[in-house]
Amino acid sequence: HDTVDPSVDPSVDRSVDRGFRANVCIPRPIDGLVSQRAFAMEFIKDAYKINDLLVLSTHKVDRTALLRQIVHVWALSLLNNNAVNADPHPGNLLFRLTPDGQAQPVLLDWGWVVRLKRNELLAYRSLVIALAEMDMVAATRSLKDLGYENSQDERAP
């Protein structure tokens, strides 16, 4: 896989959030404040830490739905845009409340993005399809394509 340097590739933020701006907030990098050593993004006011249980419960946020939305966006980012945030930790996850009271994920720090080689991306796509279809033979084949091996034989993958 390749690591994308935002100081060399200014398209990082545009490729990451294409297609799902309505579901998630990804702050834009600040021109002139992006380099190999620093990555500054716009400030998102009224955003809360993803693990702020008091705010989550006060606003009756469905934490499961919020997590599903984050996982969905990460999957779209990988499978559609071939962009993986290589620094996904709770400090880079916030949420804010929309005017209708829904929780919207705020995904920070897309300064370290990994792009998979074409064969890796295709294998991950095949793996997702195989798992969705509960096709363990195809899942095993996809995992092998990704370099994983198991101790099972073809009779019991």
Side-chain angles (χ1 to χ4, degrees), residues 1-118 120-135 139 142-143 146-148:
H1 60 270
D2 298 320
T3 302
V4 177
D5 179 350
S7 65
V8 176
D9 184 356
S11 67
V12 168
D13 73 303
R14 285 152 190 79
S15 70
V16 169
D17 68 1
R18 185 183 311 127
F20 41 83
R21 242 318 162 190
N23 299 332
V24 65
C25 173
I26 299 176
R28 299 220 176 261
I30 298 173
D31 290 337
L33 295 179
V34 176
S35 72
Q36 289 183 342
R37 303 187 117 211
F39 185 77
M41 302 179 89
E42 69 182 331
F43 179 74
I44 304 298
K45 64 180 181 176
D46 299 326
Y48 305 96
K49 290 182 178 183
I50 198 78
N51 58 357
D52 189 330
L53 298 178
L54 180 61
V55 174
L56 289 163
S57 63
T58 299
H59 294 283
K60 297 180 174 65
V61 171
D62 182 340
R63 293 185 289 168
T64 302
L66 181 60
L67 181 58
R68 279 190 184 127
Q69 192 173 9
I70 291 167
V71 170
H72 180 78
V73 168
W74 278 340
L76 285 175
S77 178
L78 167 62
L79 300 173
N80 288 352
N81 298 345
N82 192 12
V84 180
N85 182 332
D87 193 20
H89 59 79
N92 284 339
L93 292 173
L94 304 175
F95 75 95
R96 66 182 180 181
L97 299 170
T98 61
D100 64 354
Q102 297 299 309
Q104 179 187 49
V106 177
L107 307 180
L108 303 177
D109 195 2
W110 285 82
W112 187 16
V113 173
V114 173
R115 302 221 189 257
L116 301 177
K117 294 176 185 168
R118 179 154 177 77
E120 293 172 319
L121 179 60
L122 294 175
Y124 275 111
R125 286 177 178 167
S126 296
L127 178 61
V128 168
I129 292 167
L131 293 174
E133 294 176 351
M134 308 261 302
D135 183 344
S142 296
L143 287 169
L146 288 165
Y148 292 99

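Just so we're clear, the structure is a prediction, and the values are computed from it rather than from any experiment. Throughout, numbering of the chain's residues begins at 1 and tracks the sequence.
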Looking at V55, L54, L56, which hits side chain to side chain contact (heavy atoms under 4.5 Å, CB included) with T58?
L54

Exercise: identify the closest heavy-atom pair between [X] and [Y]:
| X | Y | result |
| --- | --- | --- |
| L108 | N85 | O-ND2, 3.5 Å |
| P90 | I50 | O-CG2, 4.1 Å |
| A47 | R96 | CA-CB, 4.2 Å |
| E42 | I26 | OE2-O, 4.4 Å |
| Q69 | A103 | OE1-O, 3.6 Å |

Working to the nearest 0.5 angstrom, can you tell me the gap between [X] [atom1] and [Y] [atom2]?
| X | Y | atom1 | atom2 | value |
| --- | --- | --- | --- | --- |
| N82 | K117 | CG | NZ | 12.0 Å |
| Q102 | L66 | CD | CG | 10.5 Å |
| Y48 | L53 | OH | CG | 14.5 Å |
| D87 | D109 | CG | CG | 5.0 Å |
| M41 | N92 | CE | CG | 9.0 Å |
| F95 | H59 | CZ | NE2 | 7.0 Å |

Could you tell me whether the side chain of [Y] reaches within less than 4.5 Å of the side chain of [X], counting heavy atoms only?
| X | Y | answer |
| --- | --- | --- |
| V73 | P105 | no |
| V106 | P27 | yes |
| V113 | V84 | no |
| V61 | L97 | yes |

For H72, does the NE2 atom sit with more than 12 other heavy atoms under 6.0 Å from it, leaving out its own atoms?
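Not buried by this count: 12 neighbours or fewer within 6.0 Å.
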
For residues 122-131, tabulate all N or O donor-acceptor pairs below 3.5 Å that involve a side-chain atom, not counting sequence neighbours.
{"from": "R125", "atom 1": "NE", "to": "L79", "atom 2": "O", "distance (Å)": "2.8"}
{"from": "R125", "atom 1": "NH2", "to": "L79", "atom 2": "O", "distance (Å)": "2.6"}
{"from": "S126", "atom 1": "OG", "to": "L122", "atom 2": "O", "distance (Å)": "3.0"}

